Amino acid sequence: MTFTRIDHTAIAVHDLDEAVPRFERLYQTRCAERVTVREQQVEVAFLPLGDTQLELIAATSEDSGVARFLAARGEALHHIAVAVDDIAGELGRLQQSGVRLIDSEPRRGAHGRIAFVHPAGTGGVLLELVETV
Ligand code: CO
């Protein structure tokens, strides 16, 4: 088993410029990084919280999955990301045990390779695997 820790917890927000200072005040932390992930049509901000971090995620396009999520649910918990040592190995293991994947192959995220696991197999919460090595 190579799930090592919660890498980040992600909250979808409408407006990153407004949300970053709001969450900085709420959690008494400072935004460490903002990154645009063009492939996913999102901009994300990372706010360190001890040995994990909060990710605020906003859509950069109306076609973005995050834009559809916000339209349906408003601001809410979007996903939990778990750090793994071997993302390809974990995807293979999950697929073999019948867990529905969104990404059968790793793709590039803000920090290393990532893959999403469908909420149908994870208690209703979108799960991101992140290989940070
Ligand atoms: Co994430």
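For ligands, and for the atoms within them, numbers begin at 1 and follow the listed sequence. Quick caveat: nothing in here was measured; it's all calculated off a predicted structure. Only heavy atoms go into these numbers, but all of them, side chains included; no hydrogens, no water, no symmetry mates.
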For a quick test of your reading: what N or O donor-acceptor pairs under 3.5 Å do the side chains of residues 64-76 make, sequence neighbours left out?
residue: S64; atom: OG; partner: Q41; partner atom: O; Å: 3.1
residue: S64; atom: OG; partner: V66; partner atom: N; Å: 3.1
residue: R68; atom: NH1; partner: D63; partner atom: O; Å: 2.8
residue: E75; atom: OE1; partner: R22; partner atom: NH2; Å: 3.2
residue: E75; atom: OE2; partner: H14; partner atom: N; Å: 3.0
residue: E75; atom: OE2; partner: R22; partner atom: NH2; Å: 3.4

H78 N/O/S atom closer than 2.8 Å to the Co ion (ligand 1): no
Any salt bridge linking D17 with R34? Criterion: basic side-chain nitrogen under 4.0 Å from a carboxylate oxygen. yes
Kindly give the atom name of the N, O or S atom of H8 closest to the Co ion (ligand 1). NE2
Here the pair of heavy atoms bringing P119 nearest to I102 is CD-CD1, 4.4 Å
Atom pairs and distances, side-chain donor-acceptor, residues 45-52, under 3.5 Å, sequence neighbours left out:
residue: T52; atom: OG1; partner: I6; partner atom: O; Å: 2.9
residue: T52; atom: OG1; partner: D7; partner atom: O; Å: 3.1

I need the NE2(H79)-the Co ion (ligand 1)-OE1(E55) angle, rounded to 10 degrees. 120°
For E128, the N, O or S atom at the shortest distance from the Co ion (ligand 1) is OE1
